[in-house]
Trainee: 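Structure in structure tokens, see below.
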Amino acid sequence: MLLKALRADERLAAWLRDLESDGDGRVPVALPGPDELPEVLLDLAVPHEDVGELVALRARLDDDAEAMALLASCVGRLVRDMGEIGKGFEPPSFPATTGALGRLFPVFVFVGALPYVRAYHRERGVPADVSRRTLADLGRHMAVHRRRNGTGGLLHPWWIALHFHGELYQLGRLQFQRARLGTRTGDAVAAAGRGLGPGDPCLSLHIADFSGPLSPSACDKSLALAREFFARHYPDGRYEVAVCHSWLLDPQLAGYLPADANIVRFQERFRVAYEETTPDDGAPVGFVFGDPDLPVGALPRGSRVERAVGDHLRAGGHWYVGHGWFDL
């Protein structure tokens, strides 16, 4: 049984106790039946090869009262304080001992939360196409999991929780997360005389994989959409600056790429908030090659970015997450 395997793991046993401390925090969850579930999954861009396994596991859930109770508790925690920044739910990844049901359990949590987040989007007046493309990031991340592991699942369920909690939206090429300025980035913004500082609202930019080139025109379009979207649907917020924390902002990349490269042009939009001192070589390797644990010596050299990332590491260098901001 799923809960028995979770309780055998010290970390997840503590997570269960925290979840149970909510008391009766469950909400009604009506998972689509086996005939309807495939269409719902395809609307969420779930890879076709994962649909059959999820439908089969749906029947197993019905026979496991404890797992269904856990599902209702997880959905309840996820949709509580819907839209409130930083108050979402971070479902953990389950260990291999929980089997296929544990591996795909977070997907059922998000399917169970679907009516709640769609209702929230309607209340905010979010256009249906924006809602659909935002929530379809679930399927994209399942594709990332399959590319790396060869099975259905989610590498980082906590990330998709942002979408299903009304904190993040896909607007064109970029994703925009309603967030707050951290201490160091906030200090940098304050020092520039923007009248904002740590704790104030901002939009955190994210660059989705499998979404085509990061061209200047695509970014311009996304930013124009974001200015209009948040002014219209979140008029109570003051979203005047954008921030980004990504390996794509490591200034070393500009030494390997031509001045008109999309990544270099993207970097030029930002002011440096602060410099990172701890290497994070796994980030570019994971994003560019699909697996952060690939041996450096075997990394392909097909594209300019592949050559930049691999050659730099083979020469003994390291990559760092860059931290930047700009005025919206």
Trainee: Please work out which of the three classes, parallel, tilted or perpendicular, describes the rings of H318 and Y320, given edges at 30° and 60°.
Mentor: perpendicular
Trainee: Any side-chain donor paired with an acceptor under 3.5 Å for D137 and Q170?
Mentor: no
Trainee: Is the shortest side-chain N to carboxylate O distance from R146 to D50 below 4.0 Å?
Mentor: yes
Trainee: Just say parallel, tilted or perpendicular for the rings of Y239 and Y234, cut-offs at 30° and 60°.
Mentor: perpendicular
Trainee: With a cut-off of 6.0 Å (strictly less than), are more than 12 heavy atoms of other residues, nucleotides or ligands near CZ of F287?
Mentor: no
Trainee: Please check if atom CD in E268 has more than 12 non-hydrogen atoms from other residues, nucleotides or ligands closer than 6.0 Å.
Mentor: yes
Trainee: Group every Ile, Leu, Val, Met, Phe, Trp and Tyr by side-chain heavy-atom contacts under 4.5 Å, then state whether L294 and W247 land in the same group.
Mentor: yes
Trainee: Would a single hydrophobic cluster contain both L37 and L71, if residues Ile, Leu, Val, Met, Phe, Trp and Tyr are joined by side-chain heavy-atom contacts under 4.5 Å?
Mentor: yes
Trainee: If you take all heavy atoms of F164 and L114, which pair is closest and at what distance?
Mentor: CE2-CD1, 3.9 Å
Trainee: Quick one: does V117's side chain get under 4.5 Å of V79's, heavy atoms only?
Mentor: no
Trainee: Above 12 or not: heavy atoms from other molecules or residues under 6.0 Å from CD of E39?
Mentor: no
Trainee: Salt bridge or not for D220 and R269, using N-O below 4.0 Å?
Mentor: yes
Trainee: Give a yes or no on whether L3 and L101 share a hydrophobic cluster (residues Ile, Leu, Val, Met, Phe, Trp, Tyr; joining criterion: side-chain heavy atoms under 4.5 Å apart).
Mentor: yes
Trainee: Closest heavy-atom contact between A67 and L2?
Mentor: CB-CD2, 4.2 Å
Trainee: Grab the two heavy atoms, one from E306 and one from G302, that are nearest each other, plus how far apart they are.
Mentor: OE1-N, 2.8 Å
Trainee: Does any non-hydrogen side-chain atom of L203 lie less than 4.5 Å from one of R178?
Mentor: yes
Trainee: So, using salt bridge (Lys or Arg N to Asp or Glu O under 4.0 Å) as the criterion, who are the partners of R148 when residues are at least two apart?
Mentor: none
Trainee: Under a 4.0 Å N-O cut-off, is there an ion pair linking R124 with D236?
Mentor: yes
Trainee: Enumerate, atom names and distances included, each donor-acceptor pair closer than 3.5 Å involving a side-chain atom of residues 81-92, sequence neighbours excluded.
Mentor:
none

Trainee: Compare all side-chain heavy atoms of D187 with those of L181 and state whether any distance is below 4.5 angstrom.
Mentor: no
Trainee: Determine whether a donor-acceptor pair (N or O, by modelled atom type, separation under 3.5 Å) exists between the side chain of E53 and the backbone of V55.
Mentor: no
Trainee: Any side-chain heavy atom of R173 within less than 4.5 Å of one from S211?
Mentor: yes
Trainee: Which pair of non-hydrogen atoms, one from Q267 and one from A254, has the smallest distance, and what is that distance?
Mentor: OE1-CB, 4.1 Å
Trainee: Tell me whether R265 at atom CZ has more than 12 heavy atoms from other residues, nucleotides or ligands lying less than 6.0 Å away.
Mentor: no
Trainee: Is any side-chain heavy atom of V241 closer than 4.5 Å to one of F326?
Mentor: no
Trainee: As a quick check of understanding, evaluate ring-ring contact (aromatic ring centres under 6.0 Å, His included) for H206 and W159, giving each step before the final call.
Mentor: CA-CA 11 Å; H206 303 284; W159 171 251; 4.6 Å; yes
Trainee: Quick check against the 3.5 Å criterion: does S131 have a side-chain atom that pairs as donor or acceptor with the backbone of P127?
Mentor: no
Trainee: Hey, is D311 close enough to R314 for a salt bridge, meaning N to O under 4.0 Å?
Mentor: yes
Trainee: Using a 6.0 Å distance limit plus a 45 degree cone around the ring axis, check whether R184 lies over the aromatic ring of Y274.
Mentor: yes
Trainee: CZ of R147: more than 12 outside heavy atoms within 6.0 angstrom?
Mentor: yes
Trainee: Between Y169 and H121, is the ring centroid distance below 6.0 Å?
Mentor: yes
Trainee: Going from CG on L54 to CG on L44, what distance comes out if it is rounded to the nearest 0.5 angstrom?
Mentor: 10.5 Å
Trainee: Could R58 and D62 be called an ion pair, given the rule that one side-chain N must be under 4.0 Å from one carboxylate O?
Mentor: yes
Trainee: Any idea which heavy atoms bring V285 and D291 closest together, and the distance?
Mentor: CG1-O, 3.2 Å
Trainee: Between the side chains of D18 and R77, is the shortest nitrogen-to-carboxylate-oxygen separation below 4.0 Å, so that they form an ion pair?
Mentor: yes
Trainee: For the residue pair W319 and H312, does the interplanar ring angle fall in the parallel (under 30°), tilted (30 to 60°) or perpendicular (over 60°) class?
Mentor: tilted
Trainee: Measure across G324 and F270 and return the closest heavy-atom pair with its distance rounded to 0.1 Å.
Mentor: C-CD2, 3.6 Å
